[in-house]
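Scroll down for the structure; my scribbles are underneath it.
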Amino acid sequence: MIVLDTAFPKLKLKNKLLLPIVQGGMGVGVSAHRLAGTVASLGALGTISSVDLRRHHPDLMAQTEKSRSKELINAANLIALDREIKAAKAMAEGRGMVAVNVMRAVAEYAAYVRQSCESGADAIVVGAGLPMDLPELTSEYPDVALIPILSDARGIALILKKWMRRKRLPDAIVIENPQFAAGHLGAAGLDSVNDPHFAFSVVLEGTLALFKELGLESEKIPLITAGGIHSPEQVRELFALGASAVQLGTPFAVSEEGDAHINFKRVLTGARPEDIVTFMSCAGLPARAVKTQWLANYLDKEAKLQRKAGPKDCTVGFDCLHQCGLRDGIAKAGQFCIDTQLGFALEGDVKRGLFFRGSEPLPFGTAIRPVRELIDYLLNGVNPVTHRALPA
């Protein structure tokens with residue numbers, strides 16, 4: 001395997017130099033070992049999503065698919081996480097880095113973080129909430145890079161000040177713009193998703209000023225921008241604004257090596273701008289996805305379901321979220337089982353799946369191309385679809 005290169009400065013994490021490209025974590029099972037391992041093998045940062053990985057392992061699904069035992073399902077998911085990390089690391093053969101994305105909003109957050117460290121993950125990436133306790137959870141693994149995902153300078157300030165009191169700094173920070181990103185979004189509600197204070201230019205400038213205020217300029221914490229990035233021109237602009245790397249989710253999800261079913265990739269690549277909607281997830285966060293048959297039907301009856309919201313037993317028995325709109329009867333949140341719907345999407349069930357997707361065009365349009373070509377295009381401007389290179 002020949003590792004790709006670029007004229008852009010490398011991303012430095014834990015004294016390792018990487019291509020300045022990060023593959024975002026996408027669940028359920030969309031970014032597992034095949035995608036993350038491929039990205040790492042090319043010299044970049046690949047990311048496994050920790051959520052319900054048993055779905056990639058027939059033996060674990062056979063043990064748990066009909067079970068409502070929380071303990072059994074959680075144990076199976078930890079086994080699956082261990083397998084996926086080790087498989088991705090084997091594919092990487094020492095190149096790049098393999099991270100695990102753990103949502104702060106999931107009930108087994110702490111267990112996933114600990115298992116990731118024990119299984120040899122190079123980095124832990126945490127979004128969907130503020131990971132105030134991440135330094136404590138990983139204190140026995142000082143060589144594991146810690147990377148929070150945040151959307152504005154205020155959230156970054158909260159994390160920095162809290163972690164500094166514990167003598168730890170982030171090894172990098174992902175700045176995700178909810179106006180463009182896929183999946184769960186770092187905004188308080190639907191009405192604030194497009195707030196201009198989330199603009200990359202605003203957050204990068206504010207964060208660099210915050211570093212100066214806190215005396216952290218010399219620490220050189222890399223800032224990784226995420227959300228809607230799809231062209232080499234954008235990459236250049238973001239680096240000029242102070243970013244050290246860019247993170248992409250949807251373009252990697254639809255790559256040949258993406259771990260989801262081919263139907264999943266076709267839904268994402270075939271979506272038109274008017275097909276992409278934002279709505280409230282049962283996790284209590286805004287989310288962005290393709291308005292497929294299931295989502296359209298759900299949104300039509302959402303108001304009625306929210307009016308009738310009330311506490312009930314978890315429909316799949318393992319209480320995957322700390323707080324779930326459906327289970328806990330939270331009227332302002334989504335009223336559906338997110339694990340079930342994302343599981344259908346992973347399997348390519350177009351009628352019943354929930355297909356998270358960013359709002360922006362994809363680098364190769366409707367084409368499904370290898371990871372290598374995506375990274376080469378973003379960093380070096382060579383488009384294998386048009387066979388044209390950008391001017392230097």
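Among residues two or more places apart in sequence or in another chain, the ring-ring contact (aromatic ring centres under 6.0 Å, His included) test is passed with F239 by F8. Every residue two or more places apart in sequence or in another chain that forms a side-chain contact (heavy atoms from CB on, under 4.5 Å) with A303 is listed here: R307. With sequence neighbours excluded, the residues that form a side-chain contact (heavy atoms from CB on, under 4.5 Å) with K351 are Q293, D349. Listed by chain and number, the residues in a side-chain hydrogen bond (donor to acceptor under 3.5 Å, both in side chains) with Y141 amount to none (sequence neighbours excluded). Residues passing the side-chain hydrogen bond (donor to acceptor under 3.5 Å, both in side chains) test with S281 are H184, sequence neighbours excluded. For D82, the side-chain hydrogen bond (donor to acceptor under 3.5 Å, both in side chains) partners are K86, S119, not counting sequence neighbours.
In the hydrophobic clustering, L185 connects to V193, either directly or through intervening members, whenever side-chain heavy atoms lie under 4.5 Å apart. Other residues sharing the hydrophobic cluster of I224, ordered by chain and number and joined by side-chain separations under 4.5 Å: L11, L13, L18, V22, L45, M97, V125, I147, I149, V174. By the 4.5 Å side-chain criterion applied to Ile, Leu, Val, Met, Phe, Trp and Tyr, F180 is assigned to no cluster and stands alone. Cluster partners of L190, by chain and number: M280. The rule joins Ile, Leu, Val, Met, Phe, Trp and Tyr whenever side-chain heavy atoms lie under 4.5 Å apart.
Aromatic rings from F364 and Y377 are positioned such that their centres are separated by under 6.0 Å. Not less than 6.0 angstrom separates the ring centroid of W294 from the ring centroid of F344.
The number of heavy-atom neighbours closer than 6.0 Å to CD of E274, taken from other residues, nucleotides and ligands shown, is above 12. Summarising the local packing, NZ of K312 is surrounded by more than 12 heavy atoms from other residues, nucleotides or ligands at distances under 6.0 Å.
Applying the salt bridge (charged side-chain N to carboxylate O under 4.0 Å, His left out) rule to pairs touching residues 53-80 yields D52-R54, D52-R55, R55-D339, R55-E347, D59-R83, sequence neighbours excluded. Among residues at least two apart or in separate chains, there is no salt bridge (charged side-chain N to carboxylate O under 4.0 Å, His left out) pair with a member in residues 287-297.
At distances below 3.5 Å, not a single donor-acceptor pair connects side-chain atoms of E302 with backbone N or O atoms of Y298. For Q341 (side chain) and I338 (main-chain N/O), no donor-acceptor pair under 3.5 Å exists by modelled atom type.
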